[in-house]
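Encoded as structure tokens, the structure appears first; notes follow it.
Each chain gets a letter, A, B and so on, in the order its sequence line appears, and its residues count up from 1.
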Amino acid sequence: MEKNYNHKNVEEKIYKMWEDGGYFRPEICEEKRKELNLSVNKETFCVLMPPPNANAPLHCGHATYSIQDLMTRYKRMQGYRTLYVPGTDHAGFETQVVYERQLKKQNKSRFDFDSKTLFNDILSFVKENSTLAINQLKKLGMSSDWTRSTFMLSDQVLSTVYNTFEKMHKDGLIYRDVYLVNYSPYHGTTFSNLETIHIEATSPLYFVKYQIKNSNDYISVATVRPETIYGDVAIAVNPKDKRYTEYVGKVVTNPLNGREMKIIADDYVDLEFGTGALKITPGHDFNDYEIGRKHNLELISVIDLEGKMTQDAKDVAGMNIKSAREKSVEILRNKNALEKIDEKYTNNILVDYKDNKPIEPLLMPNWFVKMDKLALNALQAVKKDRVKFNLPVWKKEMISWLSNIRDWPISRQIVFGIRIPVWYNVDECGSSHIVFLDKNKNRIEGLGKNLLDKYSLEEIGQGLQKIIAGVDTKYLISKTRPGERFLQETDTFDTWFSSGQWPLTTLKYPDGEDFKKFFPTSFMDSMWDILFFWIARMIIFSLYLTKEIPFKQVFIHGRVDDEKGQKMSKSRGNVIDPITYVDKYGADALRMGLLVGGNPAAKTTSFSEDKVRGYRNFANKIWNIARFIEMSESDAQFDKNKLDYADDKQIIDDMEKLIKEVNTKLNKFKFNLAGDTIYHFIWHNLADKYLESIKKREDKKSAMTVLGYVFKNCIKLLHPFMPFVTEEIWQNLYKKDQKEPLIISSWPE
RNA sequence: GGGCUUGUAGCUCAGCUGGUUAGAGCGUUCGGUUUACAUCCGAAAGGUCCUUGGUUCGAGUCCAUGCAAGCCCACCA
């Protein structure tokens, strides 16, 4: 053994030995343990890997997969039939954004391609780079069964997702509706509520006069969006507001288009704010939409999908929102309908989480999942602890989210995703809006009935970019084209619709062997940022399809921040690439830095090079204990009844205590405490005290036997944390007596 | 507006159901060519455990108030 531990000579070699030996596969482990007369537990232990984006390099967050691998290795050594299932995600929206940036560099955009071509181009871009993430996970030491790896766009996944959609439709859980959605004109797609955020902005607040019919009075209304006045259908005041009591029920004139609108009373209106009177624009504001429904008001769209004003916006039709706003203000001013402007007004505007571009609430036909009943099942499962959480706070958050759930818009207007398996008969969707590239690659847009006169169905189908079918358009659900005259819905599923079924698709629901053996799974590790996006949806889907929960235990880990406790971000320039630390200090040190250097269960945990370096030193420490043992002679087999020295008895005592403590802590998922306990024992008890004391003994042989025995148990306890260096030491020291590699050796109980 | 979390050594953080002299990594100072390791060893400095009050034989740990920082949800036109 070399004087210093060098991870570079070890990690790749050891990983290959494990993988080639099939030790990541439950079947082979079971077989080998039986051959060697090691106990085999009938129970299974299964962990699903949250699928990383197929084409992006790993970031620090992925290094927390060490938690999953730690649990896997722990249970594997305990003799459970252990399976850690890997996979990769297509990450629809994220990937498309990255790809579109590439296109932009070539002066192209998504509009230059028909959707089929664009999809295939993005897919091959993903495939070209898809081994990147997997290879990096291997470098971290993940002991997952790569022969079972699943890709989110594989046939198996598609088939399950389609079947689920069909079943939900049959059960009346899928509906199509015009709904006010979060639409991003910039990205050209809808976002769910979870994907939008509010940011503070300064927007001029305009006070607009609405003339009361047959009177000289007017009501003044404050708004930051005068261009939407074209879509106003009412004025609302609070019923308790004495200033306006006499006006309720009267009629005002819309200052921009002359529409006659009622003054209604609704206690949603805040008496304190603005003038106490609110314009109601159900087509472009979520609260107004609710009020509109309550009072049976008309829905008017004055902004279209491109972010331009519609024909209903008369004088400003065709303009973009910004110019339309300026123009509207000008018109109001000319009509003497503008009372005043508060230029310094600050408000919160709705933007997307990705690029912080404005979201327009727009009326759009969309596919929805009815959530009330589905969520109720999940809620009960969580309340009854059928799914356990590592901290009570996550259970609470889950309960409150599930209790206040809204219907889920599942259609996205992006290309890179799983296309919704819905087909329209072109002869029945004449009023649908269709966009396609003709054979000369010119972008053609119009109503279905008009286009079909000029173009062949084949040409439209070939170049198809988008169909926006009316809510009442007839459709068929089918995995394949149901007939000559059919075009498929161009919307794709929200990525969480497919990843929400990950426990089912990876294990090959409903008939796969793995599904029968390993479902429900045992341990699910994830960060809190996708608690609702993902964890909740997996519970919902599993309960819906199988009546079973998808996993028994959820472990929520924290965000990995930099050494100053600041969030890592590209703009701050403090992003740490985990692989550079693996190269510099070894995967073992990196894993310890995350698992033991902080508290992985805390909301955030700080990570630094110093920590990793500290644990690299620890790897070297145990390496040198191993060298010391290798260089000294020992004579007999360890026998607990033949301990002559008090020191020997003490260290054995301490070791037994250590084993108990580590087991207790691991079973409570206190990984940092378990690891820290081992660290202390090895360095400050075993090495600094015991090992130093026996150097002075005359008869060293018996002491070396004790040391060898204690150290062997330490190496086992440490294996789930630091798999590489422990396995390498095991191969050097204990191969003579132990035929099995450390990875499947028996755990000290 | 509603909810949550955190406040411990110079820095980043551990501290399990309350129980002796409060710990780690890095940093600082002093001393070590001990034949496993300088990626090391020995020693030291450094903490009113945010404030105040309470429960208790006993509080870093439990409760309340205040102060400070951060997060999540909802969003007032």
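Residue-to-nucleotide contacts include a donor-acceptor pair under 3.5 Å from the side chain of Lys621(A) to the base of C37(B). Side-chain atoms of Lys695(A) come within donor-acceptor range of the base of A36(B), with a qualifying N/O pair under 3.5 Å. No hydrogens or angles were tested; on distance alone, a donor-acceptor pair under 3.5 Å links the side chain of Glu692(A) to the base of A36(B).
At least one side-chain nitrogen or oxygen of Tyr268(A) sits closer than 4.0 Å to the OP1 or OP2 atom of C76(B). A close approach under 4.0 Å does occur between a side-chain nitrogen or oxygen of Asn347(A) and OP1 or OP2 of A77(B). In this structure, Lys3(A) reaches the A38(B) phosphate: one of its side-chain N or O atoms is under 4.0 Å from OP1 or OP2. Within the structure, a side-chain polar atom (N or O) of Trp683(A) is placed less than 4.0 Å from OP1 or OP2 of C41(B).
Of the N and O atoms on the side chains of Gln650(A) and Asp654(A), at least one donor lies less than 3.5 Å from an acceptor on the other residue. For the 3.5 Å distance criterion, the side chains of Glu200(A) and Thr346(A) fail to qualify, holding no donor opposite an acceptor. Between the side chains of Asn347(A) and Ser203(A), at least one donor N or O sits under 3.5 Å from an acceptor N or O.
With C1' as the reference atom, G18(B) and U33(B) are 49 Å apart, rounded to whole Å. Taking the C1' atom of each, G46(B) and U52(B) are spaced 27 Å apart, rounded to whole Å. Comparing G3(B) with A64(B), their P atoms are spaced 14 Å from each other, to the whole Å. Atom name P, nucleotides C26(B) and A69(B): the rounded distance is 32 Å, in whole Å.
Applying the Watson-Crick and G-U wobble criteria (two distances, each under 3.5 Å), A38(B) pairs with nothing in any strand. In this structure, G70(B) forms a base pair with C4(B), meeting either the Watson-Crick or the G-U wobble geometry with both donor-acceptor distances under 3.5 Å. Under the Watson-Crick and G-U wobble criteria, each requiring two contacts below 3.5 Å, nucleotide G53(B) is paired to C63(B). Under the Watson-Crick or G-U wobble criterion, with both distances below 3.5 Å, A24(B) is paired with U12(B). Using the Watson-Crick or G-U wobble rule with both distances under 3.5 Å, A43(B) pairs with U29(B). Pairing partner, G18(B): none, since no Watson-Crick or wobble contact has both distances short of 3.5 Å.
Atom CG in Asp688(A) sits about 12 Å away from atom P in A24(B), given to the nearest Å. Per the geometry, CZ belonging to Phe671(A) stands 24 Å off P belonging to A24(B), to the nearest Å. Per the geometry, CD1 belonging to Ile694(A) stands 11 Å off C1' belonging to A36(B), to the nearest Å. Taking atom CD of Glu609(A) as the reference point, atom P of G25(B) lies 17 Å away to the nearest angstrom. Rounding to whole angstrom units, CG of residue Leu733(A) and C1' of A36(B) are separated by 12 Å. Atom-to-atom, NZ of Lys396(A) to P of C73(B) comes out at 17 Å; the value is rounded to the nearest Å. What separates CG of Asn617(A) from C1' of C41(B) is a distance of 14 Å, to the nearest Å. Rounding to whole angstrom units, CG of residue Leu350(A) and P of A77(B) are separated by 12 Å.
Asn404(A) comes within 4.0 angstrom of no nucleic acid atom, judged by non-hydrogen atoms across all strands. Nucleic acid contact class of Asp562(A) (heavy atoms, under 4.0 Å, all strands): none. Residue contacts shown for Ala602(A) are limited to sugar-phosphate atoms, with no base heavy atom under 4.0 Å away. Thr223(A) comes within contact range of the sugar-phosphate backbone alone, with a heavy-atom separation under 4.0 Å but no base atom that close. Using a 4.0 Å heavy-atom criterion, one finds that Asn672(A) contacts the sugar-phosphate atoms exclusively. As judged by a 4.0 angstrom heavy-atom cut-off over every strand, Asp610(A) is placed among residues touching the sugar-phosphate backbone only. Within 4.0 Å of Leu278(A), counting heavy atoms only, lies at least one base atom of the nucleic acid. Within 4.0 Å of Leu691(A), counting heavy atoms only, lies at least one base atom of the nucleic acid. When heavy atoms are screened at a 4.0 angstrom cut-off, Tyr615(A) is found touching no nucleic acid atom at all. In this structure, Asn348(A) reaches the bases: a heavy-atom distance under 4.0 Å links it to at least one base atom across the strands shown.
Of the listed nucleotides (G15(B), C76(B), A36(B)), C76(B) has the atom at the smallest distance from the side chain of Tyr345(A). Counting only heavy atoms from C-beta on, Lys603(A) has its side chain closest to C4(B) among A36(B), C4(B), C75(B). Ranking A36(B), U39(B), G15(B) by closeness to the Asn620(A) side chain, first place goes to U39(B). Listed candidates were A36(B), G25(B), A77(B). Nearest to the side chain of Tyr679(A) is G25(B).
In this pair, Phe523(A) and Phe669(A) present their aromatic rings tilted. The plane angle is within the 30 to 60° band.
Asp288(A) places a side-chain N or O within donor-acceptor distance of the main-chain N or O of Thr281(A), the cut-off being under 3.5 Å. At least one donor-acceptor pair under 3.5 Å links the side chain of Arg591(A) to the backbone N or O of Phe721(A).
The nearest heavy atom of RNA chain B to Gly565(A) and to Arg627(A) marks one nucleotide each, and the one closer to the 5' end goes with Gly565(A). Where Lys665(A) and His684(A) meet RNA chain B, the nucleotide closest to each residue was compared, and Lys665(A) sits on the side nearer the 5' end.
In this structure, Tyr690(A) has its ring center no closer than 6.0 Å to that of Phe711(A).
Geometric assessment of Lys279(A) against the ring of Tyr210(A) yields a negative cation-pi assignment under the 6.0 Å and 45° thresholds.
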